[in-house]
Amino acid sequence: MRTLSTPSPALICPPNLPGFQNGRGSSTSSSSITGETVAMVHSPPPTRLTHPLIRLASRPQKEQASIDRLPDHSVVHIFSFLPTNQLCRCARVCRRWYNLAWDPRLWRTIRLTGETINVDRALKVLTRRLCQDTPNVCLMLETVTVSGCRRLTDRGLYTIAQCCPELRRLEVSGCYNISNEAVFDVVSLCPNLEHLDVSGCSKVTCISLTREASIKLSPLHGKQISIRYLDMTDCFVLEDEGLHTIAAHCTQLTHLYLRRCVRLTDEGLRYLVIYCASIKELSVSDCRFVSDFGLREIAKLESRLRYLSIAHCGRVTDVGIRYVAKYCSKLRYLNARGCEGITDHGVEYLAKNCTKLKSLDIGKCPLVSDTGLECLALNCFNLKRLSLKSCESITGQGLQIVAANCFDLQTLNVQDCEVSVEALRFVKRHCKRCVIEHTNPAFF
């Protein structure tokens with residue numbers, strides 16, 4: 001009869017934890033640990049000692065633990081709050097816990113963290129165990145999060161691609177050893193993938209199908225990638241041509257984050273708008289080559305756009321803000337911090353056209369003054385978050401106008417602004433739920 005096996009806690013935990021001696025696991029492990037975290041496989045724990053020389057009847061029977069009195073469904077519910085490594089630990093306690101810990105409902109998500117973990121082997125061991133009932137396929141696994149696991153390589157992603165056809169969410173942020181080819185394998189073999197986070201993966205320059213998948217799905221292969229959420233923050237080598245390919249293949253995108261993709265220009269944004277007309281949230285913060293022409297292209301998203309971040313895009317001025325304000329009337333969030341070309345005229349146009357604005361960051365915009373704040377306060381009554389950090393032209397008078405009209409204000413940042421204590425107290429009286437971030441030592 002075949003014996004089931006379970007990954008050891010050493011799959012997750014470093015070898016210097018209690019229970020390991022001289023870098024080697026206990027006698028039940030099938031592999032040793034030598035200076036690194038690896039995956040080990042164990043047989044399920046026995047229900048009782050069976051050595052003939054041990055007389056169990058002579059021992060006093062221990063009182064049953066409180067948790068053992070719980071029904072199975074309650075224990076499974078408790079297990080559902082545990083991370084992957086702790087769930088593997090629980091599987092080694094006793095046979096009952098072993099069976100409960102491998103309940104399919106607990107394995108819709110695998111979450112691994114840590115810089116030292118041998119995540120490639122961990123994924124191989126876990127997927128092999130989860131494939132026992134359905135050979136070579138993990139039908140229940142929908143989410144894999146291995147963010148910050150720097151030892152993840154293409155081999156680990158290939159394991160996911162081969163074994164997890166029902167995968168819907170993959171987060172590999174900070175795993176800088178993975179390449180385009182591994183990502184292509186995942187999006188080609190996991191047709192239900194909707195959420196992909198490759199932020200900080202500096203080798204990733206594109207998202208596309210493999211050549212084999214493209215040939216099989218041609219000419220409709222461009223619509224086969226169902227990704228809706230894509231985070232490529234800090235993918236420094238992403239260029240306009242790569243964004244063109246992404247847009248052409250991921251036409252269902254609704255959330256796209258391109259923070260600090262410093263090689264992107266207005267041309268890349270033009271491709272994006274052509275193919276991805278359903279984008280609701282877009283961030284191009286710190287993309288220094290994005291200018292007013294890029295905002296003109298973004299404005300073509302019209303009322304679908306709800307969230308836009310253009311922080312520290314130094315080439316953006318009132319002209320670009322006017323484009324966005326004119327066509328994106330349902331905008332709820334705008335981060336324009338550090339766009340020093342924005343003035344009161346841009347804020348005024350924004351306030352009069354985007355009246356449903358709830359969050360605005362115009363910090364470090366030295367040309368915005370009380371005049372712009374007055375227009376904002378008289379038109380955007382639903383404003384909840386406002387950042388004016390380091391706005392040198394802002395005074396207490398402008399803050400009082402905002403507080404008198406925006407009663408739902410919840411967060412106000414006036415750090416490094418020349419505002420009086422009286423103005424801050426006025427804000428606190430009128431906006432009782434407002435948290436004020438300031439640098440005035442006299443106000444508390």
When rounded to the nearest 0.5 angstrom, what distance separates [atom1] in [X] from [atom2] in [Y]?
X	Y	atom1	atom2	answer
L409	H430	CG	NE2	12.5 Å
I160	L141	CD1	CG	8.0 Å
C206	E181	SG	CD	10.5 Å
C328	L308	SG	CG	7.5 Å
E437	T411	CD	OG1	7.0 Å
C164	Q162	SG	CD	10.0 Å

| message | If the condition is ring pair (Phe, Tyr, Trp, His ring centres under 6.0 Å), which residues does Y327 pass it with, not counting sequence neighbours? | response |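 Y327 satisfies ring pair (Phe, Tyr, Trp, His ring centres under 6.0 Å) with no other residue.
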| What pairs with H312 under ring pair (Phe, Tyr, Trp, His ring centres under 6.0 Å), at least two apart in sequence or on another chain? |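 H312 satisfies ring pair (Phe, Tyr, Trp, His ring centres under 6.0 Å) with no other residue.
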Where do [X] and [Y] come nearest, in terms of heavy atoms and distance?
X	Y	result
R151	N177	CA-ND2, 4.5 Å
V427	L399	CG2-O, 4.0 Å
T113	C149	CA-SG, 3.7 Å
A122	I117	CB-CD1, 4.3 Å
E166	N192	OE1-ND2, 3.2 Å
L157	V186	O-CG2, 3.7 Å

Side chain to side chain contact (heavy atoms under 4.5 Å, CB included) against [X], all qualifying residues, sequence neighbours excluded:
X	value
N382	none
T145	R111, T143, S147, E171
Y257	Y229, D231, T233, H255, R259, E281, S283, Y307
K389	R337, S387, N413, Q415, D416

Heavy atoms, side chains only, cut-off 4.5 Å: are [X] and [Y] in contact?
X	Y	result
L388	L386	yes
F289	R315	yes
L258	L243	yes
V144	V172	no
I279	T254	no
M232	D197	no
I298	L282	yes
R332	K356	yes

| message | Going by the rule salt bridge (charged side-chain N to carboxylate O under 4.0 Å, His left out), which residues pair with R304 if we only count those two or more places apart in sequence or in a different chain? | response |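 With neighbours one apart ignored, the set is empty.
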| query | Partners of R263 by salt bridge (charged side-chain N to carboxylate O under 4.0 Å, His left out), sequence neighbours excluded? | reply |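 Residues passing salt bridge (charged side-chain N to carboxylate O under 4.0 Å, His left out) with R263: E239.
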| Y271: side-chain hydrogen bond (donor to acceptor under 3.5 Å, both in side chains) partners, not counting sequence neighbours |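 Partners of Y271 under the side-chain hydrogen bond (donor to acceptor under 3.5 Å, both in side chains) test: E267.
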| query | Between V402, N405, L360, which is the residue that forms a side chain to side chain contact (heavy atoms under 4.5 Å, CB included) with L376? | reply |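 Running side chain to side chain contact (heavy atoms under 4.5 Å, CB included) over V402, N405, L360 with L376 returns exactly one hit, L360.
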| said: Listing request: all salt bridge (Lys or Arg N to Asp or Glu O under 4.0 Å) pairs with a residue in residues 70-80, at least two apart in sequence or in separate chains. | reply: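 Sorted pair list: D72-R96.
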Verify, without hydrogens or angle tests, whether [X] (side chain) and [Y] (backbone) share a donor-acceptor contact under 3.5 angstrom.
X	Y	value
D103	N99	no
T245	E241	yes
T127	L123	yes
D361	N335	no
S226	P191	yes

Under a 3.5 Å cutoff, is there a donor and acceptor pairing between the side chains of [X] and [Y]?
X	Y	answer
S329	N353	no
D154	S179	yes
D234	S202	no

| said: Quick test of your reading of the model: are E115 and R150 salt-bridged, counting only N-O distances below 4.0 Å? | reply: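 Looking at E115 and R150, the cut-off is met.
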| message | Could you walk me through whether L269 and L264 satisfy the side-chain contact (heavy atoms from CB on, under 4.5 Å) test, starting with their C-alpha distance in whole Å, then the side-chain angles of each, then the deciding distance to 0.1 Å, before giving a yes or no? | response | CA-CA 8 Å; L269 296 179; L264 293 180; 5.8 Å; no
| When you look at D240 and T265, which way does the side-chain hydrogen bond (donor to acceptor under 3.5 Å, both in side chains) test go after all the steps? | CA-CA 7 Å; D240 291 340; T265 70; 2.3 Å; yes
| Run the side-chain contact (heavy atoms from CB on, under 4.5 Å) check on V76 and I78 step by step: do they pass? | CA-CA 5 Å; V76 170; I78 294 173; over 6 Å; no
Should we count [atom1] of [X] as having more than 12 external heavy atoms under 6.0 Å?
X	atom1	result
K384	NZ	yes
K428	NZ	yes
F79	CZ	yes
R155	CZ	no

| message | side-chain contact (heavy atoms from CB on, under 4.5 Å), that's the test. Do V290 and I310 meet it? Break it down for me. | response | CA-CA 9 Å; V290 172; I310 51 173; 5.6 Å; no
| From CA spacing to verdict: side-chain contact (heavy atoms from CB on, under 4.5 Å), K300, I274 | CA-CA 9 Å; K300 294 177 183 179; I274 290 174; over 6 Å; no
| Check: H249 ring centre within less than 6.0 Å of Y275 ring centre |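 Distance test on ring centres: not under 6.0 Å, no.
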| field | Pair listing, ring pair (Phe, Tyr, Trp, His ring centres under 6.0 Å) test, anchored in residues 103-138, at least two apart | value |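 Residue pairs passing ring pair (Phe, Tyr, Trp, His ring centres under 6.0 Å), neighbours aside: W102-W107.
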| Pairs involving residues 113-165, ordered by first then second residue, that meet ring pair (Phe, Tyr, Trp, His ring centres under 6.0 Å) (sequence neighbours left out) |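 Not a single pair qualifies under ring pair (Phe, Tyr, Trp, His ring centres under 6.0 Å).
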